[in-house]
Amino acid sequence: MGQKELESFLKGFIEKESLFKNKKALQSAFMPETIVHREKEVKLLANILAPSLKTEKPSNLFIYGKPGTGKTLTTKYITKNIINIASQNNVPVNLLFLNCKLKKIADTEYRIVAQLARDLGKAIPTTGLPTEEVYKIFFEAIDSKSGIIIIVLDEIDQLVKKAGDEILYNLTRINEDLKKSQICLIGISNDLVFLDNLDPRVKSSLSEEEILFAPYNALQLQDILRERCKVSFREDTLEEGLIEKCAAFAAREHGDARRCLELMRVAAEIAERKNEKNVKISHLDEAEDKIERDRIFDTIMSLPKQSQAVLYAVMSFQNNDEYVFTGDVYSIYKNICAKTGLKPLTQRRLSDIIGELDMFGIINAKVISKGRYGRTKKISVPMAEQIKEKIKKSLETAMEI
DNA sequence: AGGTATTCACATGAAACTATTCTCTGAGTTAGG
DNA sequence: TAACTCAGAGAATAGTTTCATGTGAATACCTGT
């Protein structure tokens with residue numbers, strides 16, 4: 001592209017009418033005015049949390065449901081409203097919202113408590129203090145406040161998986177020692193059986209109330225999507241039946257609303273890039289492809305080097321044959337290691353890595369018996385040749401071959 | 001022909017080892033009294 | 001003297017290796033016809 005051409009393209013880009021009016025409405029962090037199809041849950045939640053407005057401690061609450069069912073959104077919505085009302089009426093209610101999945105911020109006991117204390121305005125060093133000390137600071141911070149403190153722990157299952165349930169036990173017990181204030185705990189989890197693996201004491205106190213968020217069905221997804229699209233697109237940008245199709249796609253995959261919105265957004269982006277005036281159903285298909293491709297690409301690129309090397313080995317053998325066996329992969333893998341200076345792992349480990357790649361859905365690995373010639377895994381890569389080449393190239397640069 | 005035994009090439013498990021990350025302790029430092 | 005920092009000890013954890021055992025069916029080897 002020459003200088004002139006580029007200039008006119010960029011100028012055109014500014015002048016061009018975008019399909020989007022407000023792209024944010026299709027992003028997962030967006031907070032809509034009203035929450036569609038969660039009336040029952042909203043009401044229930046409001047009922048449970050309302051006592052905080054009278055400075056009475058609400059029951060601890062455990063919320064669970066599959067991803068993309070509006071758990072976080074609904075909770076944020078309610079708590080935000082409660083805080084608003086509370087401040088209007090001068091009722092002391094505090095909110096601490098913590099997503100436990102954020103690495104380096106909230107995935108160990110120390111970090112959680114430290115982060116909570118920081119949210120209350122205390123300065124805590126990242127390391128150096130005994131955990132107990134941090135608890136003490138946190139406790140003092142709380143005790144200096146009065147009224148109700150609502151603590152929301154999002155993706156609480158991740159936390160317990162990494163750091164155990166001791167924190168939860170301590171947090172539920174802390175109320176006994178507080179004089180002026182009370183803590184109300186809300187745990188949000190994607191994992192439906194999470195509660196069962198919990199210490200019974202924690203379990204009973206955390207789940208004084210439970211709310212299950214069921215997946216949306218296709219019709220509900222349509223409504224949600226329609227609502228958001230109204231905000232985010234100009235009129236008449238969507239082809240007839242597009243919303244229905246998009247909802248149907250997502251409903252097929254466990255009714256995940258986040259997916260549904262993403263699908264629509266990506267489809268529209270594709271349409272826009274193609275300079276089309278409407279988003280068409282064909283764009284949806286492309287979007288589904290693209291999302292899946294991106295997902296695979298992302299997982300591959302965030303894999304550890306060893307796994308990448310194994311994957312590369314699998315893919316290099318793929319050229320002529322449909323499938324490879326573990327032994328073949330291992331010998332190629334060792335060559336690759338020699339070339340890149342990577343320390344080769346044992347075949348035992350390689351076998352596990354192949355299993356992991358299979359779990360991720362990047363490759364297919366099936367155990368078969370070749371009779372007299374042993375037992376092994378039959379490995380294939382279910383990808384279009386083009387994409388495979390692209391991934392191979394990226395892996396080569398990533399591993400500096 | 002039909003049945004049994006063998007054998008291959010890994011799979012799968014468990015325990016031991018290692019490197020890394022966290023947490024905690026005590027020494028040293030700083031600042032205020 | 002109390003509070004704060006920070007390096008290093010010790011504990012927890014994740015990633016691997018080592019050792020041991022298991023596995024499904026194509027083939028080799030019988031056995032009796």
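In what follows, every chain begins at residue 1, and chains take the letters A, B, ... in the order their sequences are listed.
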Exercise. Separation of A:Lys370 atom NZ from B:dT6 atom P, in whole Å?
Worked result: 23 Å

Exercise. Does OP1 or OP2 of C:dT16 have a side-chain N or O of A:Thr346 closer than 4.0 Å?
Worked result: no

Exercise. A:Lys305 has an atom NZ; how far is it from atom P of C:dA14, in whole Å?
Worked result: 23 Å

Seminar exercise, completed: Assign each of A:Pro304 and A:Arg372 the nucleotide of DNA chain C bearing its closest heavy atom; nearer the 5' end lies the nucleotide of A:Pro304

For this session: Please state whether the phosphate of B:dT12, meaning OP1 or OP2, lies under 4.0 angstrom from any side-chain nitrogen or oxygen of A:Lys377.
Result: yes

Problem set entry | Check: A:Glu227 and A:Asp223 side chains under 4.5 Å, non-hydrogen atoms | no

For this session: Please evaluate the base of B:dG13 for a donor-acceptor partner in the side chain of A:Arg348 within a cut-off of under 3.5 Å?
Result: yes

Exercise. Distance under 6.0 Å and angle within 45° of the ring axis: does A:Lys66 meet both against A:Tyr216?
Worked result: no

For this session: Could you please spell out the steps behind the salt bridge (charged side-chain N to carboxylate O under 4.0 Å, His left out) verdict for A:Arg258 and A:Glu262?
Result: CA-CA 6 Å; A:Arg258 201 177 309 159; A:Glu262 188 188 14; over 6 Å; no

Seminar exercise, completed: A:Tyr373 OH to C:dA26 C1', in whole Å, measures 8 Å

For this session: Please report, rounded to the nearest Å, how far the C1' atom of B:dC17 is from the CG atom of A:Leu345.
Result: 15 Å

Exercise. Under 6.0 Å from the six-membered ring centre of A:Tyr323 and within 45° of its axis: does the NZ or CZ of A:Lys378 meet both?
Worked result: yes

Problem set entry | Protein-nucleotide distance (A:Ile354, atom CD1; B:dA9, atom C1'), rounded to Å | 13 Å

For this session: Can you tell me the distance, in whole Å, between the NZ atom of A:Lys366 and the C1' atom of C:dT23?
Result: 16 Å

Exercise. Could you give the CD1-to-C1' distance, from A:Ile353 to B:dT12, as a whole number of Å?
Worked result: 16 Å

Problem set entry | Side chain of A:Arg375 - closest among C:dA26, C:dT23, C:dT17 | C:dT23

Exercise. Within the pair A:Arg349 and C:dT16, is there a side-chain N or O less than 4.0 Å away from OP1 or OP2?
Worked result: yes

Exercise. Would A:Lys80 count as a cation-pi partner of A:Phe97, with NZ or CZ less than 6.0 Å from the six-membered ring centre and within 45° of the ring normal?
Worked result: no

For this session: Let me know the distance between NZ of A:Lys378 and P of C:dA26, rounded to the nearest Å.
Result: 13 Å

Problem set entry | Phosphate-side-chain proximity, A:Ser369 and B:dC8, N/O vs OP1/OP2 below 4.0 Å | no

